[in-house]
Amino acid sequence: MNKTFRLFFTVVCILGAGISFLYLATYNTHSLGGWRGIFAPVHVNIEIDKKYAHDLSLFIKPNDVLLYFSPTTEQEQSIQNTILHTQIPDNRFVTKIFLRIPTSDAAFVLSAIDNISIFVGSKLFYLSSEQIQKLSIEEKDGYVLYHLPNIRFEKLLFIKDCVNYYGDFNLVVKGICALFLYPMKYALTWFFILCLFVLYHRCFLAIITKNKKTFGWILLLIIVLFGFALRINGYNRYSAWADEIDAAAIWGNPSLPFLTTFADTGNPPLHFILLRICFALFGWSQETARMISVVFGTLAIISVYFGVKSFSDKKTALLSAVFMTISSYAIGYSQEIRGYILVFFLIPVIIYAFLKLLEAQTVKRMILYIIPCVCIINIYYYGVLFVASNFIVFVVYTLQHKTFPWKKIGAFFTGNLIIASSFLPFFLHTALKRALRVSGSIIPSPPGIQFTLTLCGIAIFFLAYLFLKKKAAFTFPSNPLLFYTVSSVCIIFTEAYVLSSFVPILKWSYFLRISFPFFIIIAAIVVSECLSKKKLKFIAPLLFFLFCQAFYEAKPGGDSAGTYKESRAYIAADTEAHPQLKSAMLGENILESGLYEFIGQSSYSLYAELYGFTDLPKYSDSSSADILYVLNSPFYLDEQEMYRELSVANIDTKNMLKIRINDVKVVFKKYIRREKNEAEL
């Protein structure tokens, strides 16, 4: 083809792919995670004298959309102020926000506004009454538009004024993922990409043929970098929730005694020790804590690749890396301040060390096996079950092969005693505190009919698997790595079931955290085996996309709706804007249960310290405070329960101003001194 025509078609294909992708991404927004995957939700709260509340509305650009406010508190409240709230729909691109006030009443209404708080995603933008008076204005159709400046979630390269856009990097990452997960929805884009491939396929194939080994490493590097991009994208977008804050503010706090790392009866201490070290090196913050998870989430892609490659082929290893890369379940735990992502990283390492130990038992390989096992049992309870399942597999393997079983079993048993001894300090410490025996919804019950039926199903499946494995006509189940992974999952579930008869530990979310890397490996082996069989080749792509969808749709068990940081940010900003008033928060003994019983007074102060907020005096007497702030449902306390307990504490709940952070979480603000003065008058 003529060079000029080739260049022309190349430009057409590149432009066509880009333009068609942008159009189709707009048309198929659910493939990008919905509009909320692109735009942050925006909640606007205005504290205003209720006499002027009806004269206020919100005006947004582009498209000149008008939004009206609704009061969040009861109309019959006796206090002067009220909170007006509105939410900007998260299905639109917002460039500017204006307050819209009739020209005739503009000065009065503006002076009646005490403050404006705007939550864009997890970010707070607070405007005091002094700042509100300095807003720039425009006049339009008998109304004054007051521009609310410098409100944006992300600073963009090309678009200066954008309120709620998560950013170009976010869109690119989600778009690349959507291209592969939803190919039919981006068929036109793929058409232009394939045209580019046709134009340059000879050059491309020649490069691969001459540099097969190099191309394999480049492909792995691309997978790892894309996995890192998926994990770093929005890693700090959401506020930490209860368990995350506990991990960073209490168990991993470098300023507390070292034994604090053993204080969480539900989680062994190694992850908290790692947090302490990183906090000491890089600073005590939510960003540092989550970056640890991002790094280990990326390393999990590398570990599963090399763990599988050592006992399979490169194709299977790459498939396992791809599944780990795009898994929303793995991505979710790669963005949480919890130790479960370290489990995903360690399991392929342990698999590699264990299978190498089966091949030849040497001191070096035994040490290589012991170290990651010590780590995993000191991060997650179910790691103990995994190590125990390996012991069972080892005993069965050595007896089956009759290769000096007692000598090998004795040496391996000694190694397991060393592993178990590392868990002993934490076990004794928590046993004294009755670990896993406390009451509450987070602790599972003894296994019921559902788990019993599941166990029966696993037994039937494993027997059928053994039967197929012996059949010469079926070579597929004979893959040693597949047999080991399937056996391990079955044994771990059985162990958890048996133990739950004495100490309840079996819960689907708990089991999935330890078994998920095994599912990744099993899926990769299944697709790879299908690709190697002529009769099954045609279903391999279908299975690949089915597995991609399954792993992509999987979600971690954590709650991404924590709002403690936003709540405290509002309280800090509002307190600073009213220095003449004495502010307070609820004290330790005000509420009988829920949040304050769970975390305690000292822990609550540590939470504030983690985010750099000054801890307010604790409310104990109405005469000592002008304003009382109450966090509603940042962790476990729901609104109705809070009302009940405030009433028991003789705190009137009728005159509470409600500031909405998102769709379900709020901060309550109560003017105590003003109520008292009005009552005296």
Side-chain angles (χ1 to χ4, degrees), residues 36 40-48 50 53 58 67-77 79 81-90 113-127 238-242 245 559-575 577-578 583-586 590-591 593-596 598-599 604 607-608 611 613 616 619 625 627-647 649 651-672 675:
R36 285 207 169 185
V42 180
H43 290 264
V44 182
N45 298 272
I46 298 180
E47 183 176 342
I48 187 173
K50 57 186 177 184
L58 203 69
L67 298 174
Y68 293 97
F69 290 95
S70 299
T72 62
T73 47
E74 297 85 355
Q75 292 296 321
E76 65 271 14
Q77 65 181 9
I79 59 175
N81 285 7
T82 188
I83 298 292
L84 299 179
H85 169 269
T86 191
Q87 178 179 0
I88 298 177
D90 57 8
I113 299 175
D114 183 88
N115 65 83
I116 301 174
S117 56
I118 305 171
F119 295 93
V120 184
S122 60
K123 294 187 177 182
L124 168 68
F125 300 88
Y126 184 95
L127 297 174
Y238 302 104
S239 297
W241 63 290
I245 298 182
D559 175 17
S560 62
T563 57
Y564 175 82
K565 182 180 179 181
E566 298 99 299
S567 301
R568 288 305 302 259
Y570 169 80
I571 293 171
D574 198 57
T575 302
H578 302 86
S583 302
M585 294 184 66
L586 288 185
I590 296 296
L591 300 187
S593 63
L595 167 65
Y596 288 81
F598 180 75
I599 63 176
Y604 207 50
Y607 291 174
Y611 289 110
F613 299 125
L616 296 180
Y619 172 82
I627 299 178
L628 171 65
Y629 296 99
V630 182
L631 304 186
N632 164 246
S633 191
F635 307 127
Y636 299 111
L637 190 64
D638 63 50
E639 188 171 332
Q640 293 303 316
E641 184 181 4
M642 188 202 69
Y643 284 147
R644 181 183 64 80
E645 296 193 4
L646 288 174
S647 297
I651 298 175
D652 183 14
T653 60
K654 292 182 179 179
N655 295 327
M656 304 279 278
L657 299 180
K658 185 188 295 185
I659 296 89
R660 289 189 58 180
I661 298 172
N662 58 24
D663 292 336
V664 294
K665 304 295 179 67
V666 301
V667 174
F668 286 95
K669 177 181 178 182
K670 182 178 178 66
Y671 286 99
I672 298 175
E675 282 184 8

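For reference, positions follow the sequence shown, starting with 1. No hydrogens, no waters, no symmetry mates; every other heavy atom, side chains included, goes into these values.
Using a distance-only test at 3.5 Å, with no hydrogens or angles considered, a donor-acceptor pair links the side chain of T86 to the main chain of Y68. Listed for the Y564 side chain is a donor-acceptor partner under 3.5 Å among the backbone atoms of A608. At distances below 3.5 Å, at least one donor-acceptor pair connects side-chain atoms of T72 with backbone N or O atoms of K658.
Residues P89 and L67 meet the side-chain proximity criterion, which asks for heavy atoms closer than 4.5 Å. I116 places none of its side-chain heavy atoms less than 4.5 Å from the side chain of N45.
Among all heavy-atom pairs drawn from H43 and R660, the shortest one is CB-O, 3.9 Å. When every heavy atom of T82 is checked against every heavy atom of A53, the shortest pair comes out as CG2-CB, 4.3 Å. Pairing each heavy atom of S239 with each of S122, the nearest pair is OG-CB, 4.0 Å. Minimum interatomic distance between Y570 and E47 (heavy atoms only, all atoms of both residues): OH-OE1, 4.3 Å.
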Run the numbers on F119 and T563 for side-chain contact (heavy atoms from CB on, under 4.5 Å), then give the verdict.
CA-CA 11 Å; F119 295 93; T563 57; over 6 Å; no
Which is it for D663 and Q87 under the side-chain contact (heavy atoms from CB on, under 4.5 Å) test, yes or no, and what are the steps along the way?
CA-CA 9 Å; D663 292 336; Q87 178 179 0; 3.1 Å; yes
Salt bridge (Lys or Arg N to Asp or Glu O under 4.0 Å), that's the test. Do K665 and E566 meet it? Break it down for me.
CA-CA 10 Å; K665 304 295 179 67; E566 298 99 299; over 6 Å; no
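In this structure, OG1 in T575 is found 8.5 Å from NZ in K669, a value given to the nearest 0.5 Å. Rounded to the nearest 0.5 angstrom, I627 CD1 and K670 NZ are separated by 12.0 Å. For the atom pair L616 CG and Y629 OH, the distance stands at 7.5 Å (nearest 0.5 Å). Note: S567 OG to Y607 OH = 13.5 Å, rounded to the nearest 0.5 Å. The distance from atom CD1 of I661 to atom CD1 of I659, rounded to the nearest 0.5 Å, is 8.5 Å. To the nearest 0.5 Å, atoms CE (M585) and CG (L628) are separated by 8.5 Å.
Residues meeting the salt bridge (charged side-chain N to carboxylate O under 4.0 Å, His left out) test with D114, sequence neighbours left out: none. Every residue two or more places apart in sequence or in another chain that forms a side chain to side chain contact (heavy atoms under 4.5 Å, CB included) with A572 is listed here: F613. K565 is linked by a side-chain hydrogen bond (donor to acceptor under 3.5 Å, both in side chains) to nothing, counting only residues two or more places apart in sequence or in another chain.
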